[in-house]
J.: 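The structure's right below; bear with me while I get my questions together.
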Amino acid sequence: MRTDIPTSTLLEMQRRMTRIRRFEERAAKMVKRGLIPGTVHTSIGQEAQVVGSCMALDDDDYMTGNHRSHGHPIGKGSPLGPLMAELVGKATGVCRGKGGSLHLADFSVGSLGESGIVGSSIPIATGSAFASKLLGRPRVSLAFFGDGAANQGVLYEAMNMAGVWKLPAIFLCENNQYALSTPAHTVTSGNIFERAAGFDIPGVRVDDGQDVIAVYDAVKTAADRARAGEGPSLVEVMTYRFNEHSEGLRIDNYRDKEQISEWLSRDPLDRLAGHLRDRGITDEQLKQLDAEVMEEVDRAVEFANESPYPEPSVAFEDLYTDEVTAV
Amino acid sequence: MSIMSYLGAIGAAQREAMEADERVVIVGEDVEANVYGTTGGGKSRSSEGDFLQMFGRNRIRNTPISEEGIVGIAAGAAMTGLRPIVDLSYSSFLYMAMDQFVNQVAKNRYMFGGQASMPVVFRSAMFYGLNTGAHHSDRPYPMFMNVPGLKIIAPASPEDAKGLLRAAIDSDDPVLAFEAVKLWGLKGEVGDEPFRIPLGVARTVKEGTDVTLVAISGSVPDACAAADRLGEEGVSVEVIDPRTLVPLDTAAILTSVAKTGRLVVVEPAHRTCGAAAEISALVAEEVFDALKAPIVRLTAPDMQIPFSPSLEQQMYPTRDGIAAALRRVTGLKPA
Ligand SMILES: Cc1ncc(C[n+]2csc(CCOP(=O)(O)OP(=O)(O)O)c2C)c(N)n1
Ligand SMILES: [Mg+2]
């Protein structure tokens with residue numbers, strides 16, 4: 001266990017992982033009760049991979065996500081209220097109720113948005129890295145995508161351009177080992193991280209993606225390299241989702257019980273709690289942190305519930321930026 | 001004013017925009033060598049006015065052949081501070097990037113509740129009528145008219161090419177520019193100073209009172225020639241070039257048809273769900289009572305484009321065909 005990460009940083013990691021866990025547990029309940037419409041995909045079980053990645057970035061660094069992306073803005077520091085309001089479809093949501101769970105975006109923390117189309121947001125992150133490079137701003141851009149998205153061709157178009165132009169980009173593969181019901185190894189030839197070699201960029205795999213510090217280290221290395229102008233990296237993180245692919249699905253016949261319980265026993269929140277105890281943080285303090293987060297989630301839900309629904313006319317706004325002179 | 005070709009006017013608009021704003025960059029395949037003639041003053045890299053010399057490789061950048069990636073990267077760059085002009089060369093290649101156009105470029109601002117702006121221009125050329133076969137002859141602008149969030153220009157004169165492209169680059173929204181290659185060599189008077197033609201304003205190419213002839217892109221010169229011929233036969237034709245297909249200047253079209261009572265629409269795209277279909281429906285809905293004759297659409301048939309010149313020439317509306325349609329709706333006997 002590394003000692004050079006301050007305890008305060010570790011505590012912040014634990015706080016953000018707990019935020020994701022509690023936020024999503026609540027969201028899952030609300031889906032069940034019909035309080036959140038549509039579909040919801042949780043990152044429960046993957047919090048170390050999410051928070052380790054986000055905290056290795058600077059505040060104004062960019063990132064894009066996918067369908068499983070409540071955790072990304074939370075990991076980057078978004079307040080919970082507008083995110084929850086968005087899931088419920090309220091006017092105060094981050095996207096004014098027009099994105100929902102599948103299209104959260106919070107530009108105030110560099111979150112350029114989630115894509116419901118698997119793999120489709122990867123070049124968006126890459127493009128933001130292109131802009132940063134040309135405009136001379138020291139920002140890094142990170143694209144989150146799954147093991148399923150790793151088989152989309154656009155990833156390799158983006159990696160190639162990022163490589164040849166030395167863009168400050170990080171391609172972050174969240175390998176939870178399944179794309180919906182499909183085991184990654186049955187549809188993926190070779191190792192994902194090794195594909196980086198073909199583009200002459202670093203490719204690493206974090207085998208223990210339930211260890212937030214291991215993820216943080218790998219992504220920090222990639223971010224430092226990108227910021228120094230040395231170009232992109234591919235980081236593959238091995239992890240596991242504890243819930244079904246999406247809330248309400250009950251098709252868990254493709255993962256066996258033993259595998260599930262083995263991964264459940266390596267809960268990323270418990271892991272970091274263990275490290276924190278070694279650093280002298282008491283159970284009392286950890287309980288307190290959890291209670292504070294629960295309180296935050298309660299307030300977020302209250303905020304969402306008390307907020308109005310958007311006016312119908314809002315559906316006809318935000319298509320264009322210019323005043324459209326169409327007659 | 002100078003006499004300038006359509007292609008030269010595009011180059012001029014790009015140069016002026018790049019000089020005016022450092023955030024404007026050109027990306028695309030083979031743009032550095034000025035292969036298509038819009039990124040330099042002359043045909044060769046070293047000639048005066050060459051973009052690579054003027055702006056450097058950061059701002060004029062060759063890309064790999066990766067249309068989906070290029071369009072997505074331009075979109076991401078536009079969302080975060082650049083104002084890219086993407087040269088996609090052939091319009092047929094837009095299909096490679098369909099997901100990025102439809103799901104990212106067109107939707108991001110909307111989905112994210114207005115957090116993003118998308119100031120990016122995608123230029124592409126429609127090489128139809130040049131015996132390039134089915135893979136290079138597409139006129140796909142109607143498909144993109146069906147995607148809310150995109151703006152579409154289809155200039156048909158050198159003056160419009162310069163002014164509309166400049167307005168497109170200034171726009172904070174994504175604009176697709178469709179250029180008919182058969183117009184590239186067209187020469188005309190173009191203002192030397194920077195100027196903009198606002199998107200969504202049609203051009204009345206020729207005023208008339210008996211019939212409204214709406215013509216799009218490469219059909220405009222043929223439409224004008226047919227209108228002149230009908231003029232000699234005593235029929236006064238009003239020729240309208242919408243120039244911008246999204247947003248469409250519906251008022252200009254409706255006002256004209258309300259005046260003339262007759263409509264012929266001509267375009268090089270396929271018939272089903274084309275721009276002509278949309279304009280016809282609009283007129284039928286809004287000024288039906290003014291119509292004195294059925295609306296006529298002249299389009300390419302719903303058929304692929306064959307290679308052989310002997311086969312291809314019949315695929316697009318011709319001057320003779322336009323003239324015949326004008327005679328038909330105005331009750332003149334066939335010439
Ligand atoms: C282009 C596209 N194809 C298919 C889908 C349907 N779909 C949504 S999520 C998903 C699985 C994605 O797996 P992965 O990328 O590994 O992400 P994970 O859900 O495991 O986080 C599929 C097939 C989609 N949304 N987009
Ligand atoms: Mg997966």
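Below, chains carry the letters A, B, ... as their sequence lines are ordered, and counting in each starts from 1.
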J.: Is A:L104 close to B:M111 at the side-chain level, that is, under 4.5 Å between some pair of heavy atoms?
T.: no
J.: Of the backbone (N, CA, C, O) and the side chain (C-beta and beyond), which part of B:T244 lies under 4.5 Å from a heavy atom of chain A, both, or neither?
T.: neither
J.: Need one label for B:V71: side chain, backbone, both or neither, based on atoms under 4.5 Å from any heavy atom in chain A.
T.: neither
J.: Between B:K151 and A:Y320, is NZ or CZ placed under 6.0 angstrom from the six-membered ring centre and within 45° of the ring axis?
T.: yes
J.: Can you name the nearest heavy-atom pair linking A:P123 to B:G69, along with the distance?
T.: CB-O, 4.0 Å
J.: If you measure from CD on A:E157 to CD1 on B:I70, what distance do you get to the nearest 0.5 Å?
T.: 7.5 Å
J.: Testing the basics here: between B:S66 and A:M161, what is the closest heavy-atom pair and its distance to 0.1 Å?
T.: CB-CE, 3.7 Å
J.: Would you indicate whether A:E194, at its atom CD, is surrounded by more than 12 heavy atoms from other residues, nucleotides or ligands within a distance under 6.0 Å?
T.: yes
J.: Around atom CE of B:M96, are there more than 12 heavy atoms of other residues, nucleotides or ligands at under 6.0 Å?
T.: no
J.: Which atoms of A:L319 come close to chain B, meaning under 4.5 Å heavy atom to heavy atom: side chain ones, backbone ones, both, or neither?
T.: both
J.: Any side-chain heavy-atom pair from A:S115 and B:N103 closer than 4.5 angstrom?
T.: no
J.: Checking heavy atoms, do the side chain of B:N58, its backbone, both or neither come under 4.5 Å from chain A?
T.: both
J.: Name the option with the most non-hydrogen atom pairs under 4.5 Å to chain B; the candidates are A:S128, A:G99, A:S132.
T.: A:S128
J.: Surrounding CG of A:L180 (heavy atoms of other residues, nucleotides or ligands, distance under 6.0 Å), is the total greater than 12?
T.: yes
J.: Just wondering, are more than 12 heavy atoms of other shown residues or ligands nearer than 6.0 Å to CD in B:E22?
T.: no
J.: If you round to the nearest 0.5 Å, how far is CD1 of A:I117 from CG of B:D99?
T.: 6.0 Å
J.: Working to the nearest 0.5 angstrom, can you tell me the gap between A:K98 NZ and B:R109 CZ?
T.: 8.5 Å
J.: Please flag which part of A:R137 lies under 4.5 Å from any non-hydrogen atom of chain B: side chain, backbone, both or neither.
T.: side chain
J.: May I ask you to decide if A:A315's main-chain N or O and B:Y110's side chain share a donor-acceptor pair within less than 3.5 Å?
T.: yes
J.: How many angstroms lie between atom CG of B:D172 and atom CD of A:E323, to the nearest 0.5 angstrom?
T.: 12.0 Å
J.: Please look at B:E67 and chain A and tell me whether the side chain, the backbone, both or neither of the residue comes under 4.5 angstrom of a heavy atom of that chain.
T.: backbone
J.: Under a plain distance cut-off of 3.5 Å, with no hydrogens placed, do B:S117 and A:T321 share a side-chain donor-acceptor pair?
T.: yes
J.: Is there side-chain contact between B:F112 and A:D106, with heavy atoms separated by less than 4.5 Å?
T.: no
J.: Go through it in stages, so that I can follow the logic: the residues are B:R61 and A:L134, the test is side chain to side chain contact (heavy atoms under 4.5 Å, CB included), and I'd like the CA-CA distance, side-chain angles, deciding distance and then a yes or no.
T.: CA-CA 11 Å; B:R61 178 165 309 225; A:L134 261 58; 3.7 Å; yes
J.: Would A:Y62 and B:M79 count as a side chain to side chain contact (heavy atoms under 4.5 Å, CB included) if you check the C-alpha gap in whole Å, the side-chain angles of each, and the deciding distance to 0.1 Å?
T.: CA-CA 11 Å; A:Y62 294 120; B:M79 286 165 68; over 6 Å; no
J.: Could you report the tightest heavy-atom contact between B:T63 and A:W165, atom names first, then the distance?
T.: CG2-CH2, 3.9 Å
J.: Taking B:S171's backbone N and O only, do any of them form a donor-acceptor pair with A:D322's side chain (distance below 3.5 Å, no angle check)?
T.: no
J.: Nearest 0.5 Å please: distance from the CG atom of B:N108 over to the OG1 atom of A:T64.
T.: 10.0 Å
J.: For the pair B:Q115 (side chain) and A:G113 (backbone), establish whether a donor and an acceptor sit closer than 3.5 Å, ignoring hydrogens and angles.
T.: no
J.: In Å, rounded to the nearest 0.5 Å, how long is the span from CD of B:Q104 to CD1 of A:I124?
T.: 4.5 Å
J.: Among B:P84, B:A116, B:P174, which residue forms the greatest number of heavy-atom pairs with chain A at distances under 4.5 Å?
T.: B:A116
J.: Does atom CD of A:E317 have more than 12 heavy-atom neighbours, drawn from other residues, nucleotides or ligands, at distances under 6.0 Å?
T.: yes
J.: Which of the residues A:L112, A:V154, A:V314 is involved in the greatest number of heavy-atom pairs with chain B at under 4.5 angstrom?
T.: A:V154
J.: What do the steps show when you test A:S120 against B:Q100 for side chain to side chain contact (heavy atoms under 4.5 Å, CB included), and what is the final call?
T.: CA-CA 7 Å; A:S120 182; B:Q100 291 299 316; 3.4 Å; yes
